[in-house]
Amino acid sequence: MLKQHLQFKLSQKLSPQQIQLMKLIQLPTQAFEQRLKQELEENPALEGGKDDIDSDYDSDFDNTNDEYDDSENIGNDDINVDEYLSDDEIPDYRTQANNYSSDDEDKTMPYAAGTSFTQHLINQLNTYRLDDEEYEIAEFLVGSVDESGYIRRSLPDIMDDLAFTQSVYTTEEKIGKVLKIVHQLDPAGVGARNLQECLSIQLHRKEKTPDTELAIEIIDNAFEQFTKKHYDKLLQKFDISEIQLKDAIHEIEHLNPKPGGSYSGNNRIVEHVVPDFAIKIIDGELELTLNGRNAPELHVSREYNDMLKGYKDSKDKSNSQKDAVIFIKQKLDAAKWFIEAIKQRQQTLFVTMSAIMHYQSEYFLTGDERNLKPMILKDIADEISMDVSTVSRVANSKYVDTPYGTKLVKEFFSESMKNDQGEDVSTREIKKILETVILEENKKKPLTDDALAAILKDKGYPIARRTVAKYREQLDIPVARLRKKI
């Protein structure tokens, strides 16, 4: 049986200008500066610095089109955009829908200078006496080292790849021999196939002392008991005292589990955080400022404005001149819109951060994370009468300089829970208390999640053990067994 029914659906479509404004709001200070530079380069009608001609342009702009419409009646079909507007003159925001999004690669991000990690290792290979086959194997092994410094592949797999991709037919024994040479390269531990081998390589290259020799025995012969912190079994297995075990573990704890990460020339991205806001305490009151780099001085080009006036006053209304007028007006229109969008961006950023600052005033005045109130995006959105997505764009990508360090704005948001008094408390507050309790625990007998849940309950926060476990994991704190120390 065929049924018919009417369905009413309310949808809202954003204009291209609104979409671009949202993207501008999302940009942090450095990316915004790049976007501004790009716009200044692409639109000659937009200039930096102060100027007072904007109002002149407004009146002339509004009247110019009317005069042409009355005298010549130019329609859209009469305008051939391709004849006077080339692709490189069109600002990107007019043609690209996603020129800035959260998952885009920031191509202006500075990189660490220097030789790549792989090249650094190859340069060291040149100091060893290797035949052609050994060198090819060694070069392939070095090329297989990941950013942490490990070769996470088995010898049979490496042997197959050498045969198929390099036409090098060799044996596992030969690869194993060359791998030992790779293990001699710096930084110590590079080329290891797992953590145990990485730590063992580093220990074998240290000066031999009773502590390092015991550490080698533990890593090579009792690695599982060590990782599980079964210290009683280690004391019994090696017939040693607690002091000896503690000194050996001290040696192990000072090794580098990721030797690749210690090399400064491995082309890792260097992140420079530029605070978008600054909060200061002046005479007991909070003061918010927006980074001046977010408030550039821009104006419409006087030259372009004069050109528009000249064409407007001209008696000769040829088609080429009309096309030129349309081109100039498009550039001026784009410049005006961009200036206005930047002003809206500044206002949105300031209003949003101001609401967050006042909402969390107790925290900003004290620096105590336990004073962070439960706050979700909707709380701020309702406060400033803006959309939740707008607040999200500000919170997720902006940093604020506070008396307690530079913080990502989204860190001030958290869900709420009820305490034993029925009051809403921030989950951040509970996590901070949990972190403090674990920090002050007896490391010889770390507290289990059940014990932590009981302590929190006594403090007025009745939460389940599984919730404690979730918060502990979010804080990157291991389970009790792995927190145990001698």
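Values in this document were obtained by computation on a predicted structure and should not be read as measured data.
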Does the side chain of [X] come under 3.5 Å of the side chain of [Y] through a donor N or O and an acceptor N or O?
X	Y	result
E133	T170	yes
D232	Q236	no
T212	T209	yes

Residue pair [X] / [Y], side-chain heavy-atom distance below 4.5 Å:
X	Y	answer
T348	L21	no
V468	L456	yes
F350	L288	yes
L195	Y150	yes
H183	L141	no
Y169	L162	no
P257	C198	no

- [ ] Please assess D401 against I279 for the test side chain to side chain contact (heavy atoms under 4.5 Å, CB included), listing each intermediate value before the final yes or no.
- [x] CA-CA 6 Å; D401 183 23; I279 293 177; over 6 Å; no
Task: Stepwise side chain to side chain contact (heavy atoms under 4.5 Å, CB included) test for F413 and I380 - done: CA-CA 10 Å; F413 290 84; I380 301 302; 3.9 Å; yes
Looking at [Y], is its backbone amide N or carbonyl O close enough to the side chain of [X] to form a donor-acceptor pair, meaning the two atoms are under 3.5 Å apart?
X	Y	result
R472	I477	yes
N291	N294	no
N396	S392	yes
R465	D450	no
T227	F223	yes
T352	L349	no
E197	R193	yes
D211	A248	no
T467	I463	no
S397	Q26	yes

Output the distance between atom [atom1] ([X]) and atom [atom2] ([Y]), rounded to the nearest 0.5 Å.
X	Y	atom1	atom2	answer
N221	Q196	CG	CD	8.5 Å
L365	Q360	CG	CD	11.5 Å
Y363	L286	OH	CG	11.5 Å
L234	I240	CG	CD1	7.0 Å
Q346	I25	CD	CD1	11.5 Å
I356	M375	CD1	CE	5.0 Å

Counting only heavy atoms not in [X], do more than 12 fall under 6.0 Å of its [atom1]?
X	atom1	answer
K208	NZ	yes
D239	CG	no
Q344	CD	yes
D131	CG	yes
I243	CD1	no
Q347	CD	no

Nearest heavy-atom neighbours spanning [X] and [Y]:
X	Y	result
V274	Y399	O-CB, 4.5 Å
Q202	A188	CG-O, 3.5 Å
G191	V182	CA-CG1, 4.3 Å
P275	T29	O-OG1, 4.1 Å
I201	A192	CD1-CB, 4.1 Å
V437	K459	CG2-CE, 4.0 Å

Salt bridge [X]-[Y], side-chain N to carboxylate O under 4.0 Å:
X	Y	result
E411	K407	no
E134	K177	yes
E39	K37	no
K258	E147	no
D276	R293	no
R205	D186	yes

Open item on the list: Parallel, tilted or perpendicular, judged at 30° and 60°: which one describes the rings of F412 and F364?
Closed with: perpendicular
- [ ] Among residues two or more places apart or on two chains, list those pairs meeting side-chain hydrogen bond (donor to acceptor under 3.5 Å, both in side chains) that have a residue in residues 244-253.
- [x]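 side-chain hydrogen bond (donor to acceptor under 3.5 Å, both in side chains) check on residues 244-253 returns S241-Q244.
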Open item on the list: Could you work out, with salt bridge (Lys or Arg N to Asp or Glu O under 4.0 Å) as the rule, every residue matching D387, not counting sequence neighbours?
Closed with: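 In terms of salt bridge (Lys or Arg N to Asp or Glu O under 4.0 Å), with neighbours along the sequence ignored, D387 is linked to no residue.
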- [ ] Could you please spell out the steps behind the side chain to side chain contact (heavy atoms under 4.5 Å, CB included) verdict for I151 and V190?
- [x] CA-CA 8 Å; I151 296 176; V190 72; over 6 Å; no
Open item on the list: I want to check a possible cation-pi pair here: R35 against F32, using under 6.0 Å from ring centre and within 45° of the ring axis as the test.
Closed with: no
- [ ] Identify whether NZ of Lys or CZ of Arg in K373 sits under 6.0 Å from the centre of the six-membered ring of Y359 and within 45° of that ring's axis.
- [x]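 Yes, K373 sits over the ring of Y359.
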Open item on the list: Walk me through whether I218 and L245 qualify under side chain to side chain contact (heavy atoms under 4.5 Å, CB included).
Closed with: CA-CA 9 Å; I218 291 172; L245 178 59; 3.8 Å; yes
